[in-house]
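Since we're looking at a predicted model, the values are computed, not measured. The sequence lines fix the lettering, A, B, ..., with proteins before strands; numbering per chain opens at 1.
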There are 2 protein chains.
Amino acid sequence: MISDKTVARLSVYRRVLLDMQDAGQEHVFSHELAARSGCTAAQVRRDVMATGYTGSPVRGYDVAALAGSINDFLFHSEAQKVALVGIGNLGRALMAFSPRRNPRIPLVAAFDNDAAKVNRVIHGCRCYPVQQLEEVVESEGIRVGIIAVPSAAAQDTARRLCRAGVVGLLNFAPTHVWVPPHVYIENLDLSMALEKVAFFAGLRAPQKEISS
Amino acid sequence: MISDKTVARLSVYRRVLLDMQDAGQEHVFSHELAARSGCTAAQVRRDVMATGYTGSPVRGYDVAALAGSINDFLFHSEAQKVALVGIGNLGRALMAFSPRRNPRIPLVAAFDNDAAKVNRVIHGCRCYPVQQLEEVVESEGIRVGIIAVPSAAAQDTARRLCRAGVVGLLNFAPTHVWVPPHVYIENLDLSMALEKVAFFAGLRAPQKEISS
DNA sequence: TAGTCTCTGTGAAACGAATCACAGCGTGAA
DNA sequence: TTCACGCTGTGATTCGTTTCACAGAGACTA
Ligand SMILES: NC(=O)c1ccc[n+]([C@@H]2O[C@H](COP(=O)([O-])OP(=O)(O)OC[C@H]3O[C@@H](n4cnc5c(N)ncnc54)[C@H](O)[C@@H]3O)[C@@H](O)[C@H]2O)c1
Ligand SMILES: NC(=O)c1ccc[n+]([C@@H]2O[C@H](COP(=O)([O-])OP(=O)(O)OC[C@H]3O[C@@H](n4cnc5c(N)ncnc54)[C@H](O)[C@@H]3O)[C@@H](O)[C@H]2O)c1
């Protein structure tokens, strides 16, 4: 019923609105929000409609109220605890970022199969051996998993997370991962994204670079 | 003319085909490639059509030949050199990953405004003070940029990169960045992706978790 | 108080991408 | 030599999303 892309944009609007709030701005028009979010005014209005909020034709949207409405819409349920699997280069970067993250989506546990990386706390997040994955995910009630293990281990990691009760996955491994139909999975394939950029860059400047 | 999404999928097919080649597989049917890439057989056939390759109704596609055709299609131009701006947690993870990356898209320079992080070589990539950005990008003929700086610095970084001749950008900062119309930009907003996963996870398991 | 302005909310239209469906074909079996 | 099969390539169709376009409404002006 509610589209994937609308949710993505609402998340962007929310961040922009919080910035506006910090800057003391009280009202915002759809075209303004659109410009700061990289989409069109009509799209903003459609998306806002989905949250049930209604603005005023004169003042536009009330920044605080719209931010609140989007918050209620996006984070309607209780906080969604997150587990990270794979404390490698990427995993550690994600952990370093977590303090700045949304408190409604706390990173509560990390797992690795390398004994040297576990049984400690990084940025407030406890690191466990991967053998304890099921136990910790179930006892903590974790519902979201981040896969940051090598491709070869991705499918098995996904399977274990889903069995343990996870219903949302963020997969960084450049591999297609099968999950049960009730599980939502989002793939963030960085290499693919870079190849895409390189492809279009190649199209846009097919001639040799003219130096300075 | 050629769609964004088709390019993305071709990049995935390419990787799958290379795996198949390593495994000694010589032929592949569209439905098989589809299953391993997470899409449908019809989609595979349409996308393959775009590369100009034609398979045989009996054997399907020749793995090596199709991989070659996709390669030619995606990397038709000379190698696209890449610059990374922001040698922070994420930037370092990307650098660590670069040896495993496509040699047609080499990471040749990295920049940071923190003097402690520059004037050295990390994983074969030279790190420069950000003041030298224009100079290095122009002299090396770099056409692709990766933005891994804090949001506040993203727009200015993009502007500098574009001025210096970059025509493709991969942006990790959770901010909308304006670029000239001839520049292709791809945003990888990890926080947004996680919020999306958390949202759908919340929808799929709205009831309280039943422990063990 | 009437008029004008600009914005929202939203039905309708346009667009683009995914899917369907089938003709065409080479192969292997009988 | 003929038939049946299963796959590719692709026109036609369906589906979801974006964009258009305008009615409706509050505020400000004169
Ligand atoms: N680093 C990047 O910039 C980058 C870019 C694109 C894609 N990726 C992908 O992200 C994933 C992680 O990348 P990385 O750079 O962090 O790799 P990495 O090798 O640094 O880290 C992988 C971690 O996973 C752990 N691990 C391996 N098998 C495991 C298992 N079965 N269970 C639990 N833990 C296990 C390893 O001990 C290691 O700590 C890979 O799939 C990689 O392809 C990374
Ligand atoms: N680390 C993550 O997992 C993660 C997740 C989501 C988003 N991001 C985004 O990616 C970006 C980088 O994240 P990070 O974790 O690596 O941050 P970080 O703070 O670790 O690194 C940022 C780096 O950029 C450098 N820098 C700052 N201003 C600069 C400028 N004007 N020019 C050149 N260099 C400059 C800093 O010196 C630092 O080395 C941020 O925008 C962040 O929001 C990161």
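Contact check, A:Thr54 against C:dG9: a side-chain N or O comes under 4.0 Å of OP1 or OP2. A sub-4.0 Å separation between OP1 or OP2 of D:dT8 and a side-chain N or O of B:Ser30 is present. Distances shown here put a side-chain N or O of A:Gln43 below 4.0 Å from the OP1 or OP2 atom of D:dT19.
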What's the verdict on side-chain contact (heavy atoms from CB on, under 4.5 Å) for A:Leu194 and B:Val144, showing C-alpha distance, side-chain angles and the deciding distance?
CA-CA 9 Å; A:Leu194 188 66; B:Val144 174; 4.1 Å; yes
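In this structure, A:Phe29 atom CZ and C:dC5 atom C1' are separated by 12 Å, rounded to whole Å. Following rounding to the nearest Å, A:Tyr53 (OH) and C:dT10 (P) show an atom-to-atom distance of 14 Å. Look at CG on A:Leu33: it is 14 Å from P on C:dC7, rounded to the nearest Å. Counting to the nearest Å, the P atom of C:dC15 and the NZ atom of B:Lys5 are 17 Å from each other. Here C:dT10 presents its P atom at 6 Å from CE of A:Met49, a figure rounded to the nearest Å.
Interface residues of residues 11-20 of chain B facing DNA chain D, ordered by number: none; criterion, heavy-atom separation under 4.0 Å.
By the side chain to side chain donor-acceptor pair (under 3.5 Å) test, A:Tyr61 is found to be paired with no residue, residues two or more places apart in sequence or in another chain being considered. Under the ring pair (Phe, Tyr, Trp, His ring centres under 6.0 Å) criterion, B:Phe29 pairs with B:His31, not counting sequence neighbours. By the salt bridge (Lys or Arg N to Asp or Glu O under 4.0 Å) test, A:Glu32 is found to be paired with no residue, residues two or more places apart in sequence or in another chain being considered.
The side chain of A:Arg9 has D:dT18 as its nearest neighbour among D:dT18, C:dC7, D:dC7. Comparing C:dA12, C:dT8, D:dG9 by their closest approach to the side chain of A:Arg46 singles out C:dA12.
Considering every non-hydrogen atom in both A:Arg92 and A:Ile87, the closest pair reads NH1-O, 3.2 Å.
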Nucleotides 21-27 of chain D: which of its N/O atoms have a protein N/O under 3.5 Å away?
unit_1: D:dA21; atom_1: N6; unit_2: A:Arg45; atom_2: NH2; d: 3.3

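Legend: salt bridge (charged side-chain N to carboxylate O under 4.0 Å, His left out) pairs involving residues 150-168 of chain B, not counting sequence neighbours, sorted by first then second residue: B:Glu134-B:Arg160, B:Asp156-B:Arg159.
Considering A:Asp47, A:Val48, A:Thr40 in turn, A:Val48 is the only one that fulfils the side chain to side chain contact (heavy atoms under 4.5 Å, CB included) rule with A:Val44.
Around CD of B:Gln25, the count of heavy atoms belonging to other residues, nucleotides or ligands within 6.0 Å exceeds 12.
Donor-acceptor pairing under 3.5 Å is recorded for the side chains of A:Asp4 and A:Tyr184.
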